[in-house]
Amino acid sequence: MSDTPGWQGTARNPFAPEGLSFTPVSRGLTKVRLISAAVWLGLPLVVLVVLAVLFPGWWWSVPIGVLVLLVVWLGWLIPRQVGSIGYAERDEDLLIRKGILFRQLTVVPYGRMQYVDVQAGPLDRWAKVAKVQLHTASAQTDASIPGLPPEEASRLRDRLSERGESRLAGL
């Protein structure tokens, strides 16, 4: 079914329905998430290093070491997380999967979609990715697909809007 580790499609796996192939997101999302993590963790790391230089002591190595380990761990984790994100279009609904350890499969019926957004911040535009956000009749539905190439995001937005309107017209 999929070459993503942990998402083998078997009849008993509720996260990989049989006979369905998921479209992966762009690897540009990995760049965006790694840069975001580097900014959020790099700033405290720089502050700690400056403080360690100004106020010498061996004990600075503990928080600096923890931050360095966290950066290395995120460098390993983020590409795997991005590799686990995918979506599949079926006749009546859209399936979105996410997660490695805590897996999530969201099924959004086309008839429940109210509108579809495409979003891209400055870093997303630099990496040539966009996020498709689905708004449904349920306020609890977290239906979004991050990391799509802009052309695919536009195509998916138009297609989902068209399918949603045709299902609503039939109600």
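Hydrogens, waters and symmetry mates play no part in the numbers below; they use all other heavy atoms, side chains included. These numbers were taken from a predicted model, which means no experiment stands behind them.
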If you take all heavy atoms of [X] and [Y], which pair is closest and at what distance?
| X | Y | answer |
| --- | --- | --- |
| Arg27 | Pro79 | NH1-O, 3.2 Å |
| Ala88 | Leu94 | O-CD1, 3.4 Å |
| Phe55 | Trp60 | O-NE1, 2.7 Å |
| Ala127 | Val32 | CB-CG2, 3.4 Å |
| Ala120 | Arg125 | O-NH1, 2.9 Å |
| Gly147 | Val25 | O-CB, 3.5 Å |

Within one Ile-Leu-Val-Met-Phe-Trp-Tyr cluster: [X] and [Y], side-chain cutoff 4.5 Å:
| X | Y | answer |
| --- | --- | --- |
| Leu41 | Leu43 | no |
| Val66 | Trp59 | no |
| Val68 | Ile35 | no |
| Leu54 | Trp58 | yes |
| Val82 | Val71 | yes |

Between the main-chain N or O of [Y] and the side-chain N or O of [X], is there a donor-acceptor pair closer than 3.5 Å?
| X | Y | answer |
| --- | --- | --- |
| Lys128 | Ser26 | no |
| Arg33 | Leu74 | no |
| Ser84 | Gly99 | yes |

Distance, nearest 0.5 Å, that separates [atom1] of [X] from [atom2] of [Y]:
| X | Y | atom1 | atom2 | answer |
| --- | --- | --- | --- | --- |
| Ile78 | Trp73 | CD1 | CH2 | 9.0 Å |
| Phe22 | Leu105 | CZ | CG | 5.5 Å |
| Thr136 | Tyr115 | OG1 | OH | 10.0 Å |
| Gln104 | Ile96 | CD | CD1 | 8.5 Å |
| Ile145 | Thr23 | CD1 | OG1 | 9.0 Å |
| Glu92 | Arg163 | CD | CZ | 8.5 Å |

For a 4.5 angstrom cut-off between non-hydrogen side-chain atoms, does [X] reach [Y]?
| X | Y | answer |
| --- | --- | --- |
| Val108 | Tyr87 | no |
| Val47 | Leu51 | yes |
| Leu134 | Thr106 | no |

I need the single residue from Arg157, His135, Lys131 that forms a side-chain hydrogen bond (donor to acceptor under 3.5 Å, both in side chains) with Asp117. Which is it?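 For Asp117, the side-chain hydrogen bond (donor to acceptor under 3.5 Å, both in side chains) check succeeds only for His135.
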Does Arg159 pair with Glu162 as a salt bridge, N-O distance under 4.0 Å?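 Glu162 and Arg159: not salt-bridged.
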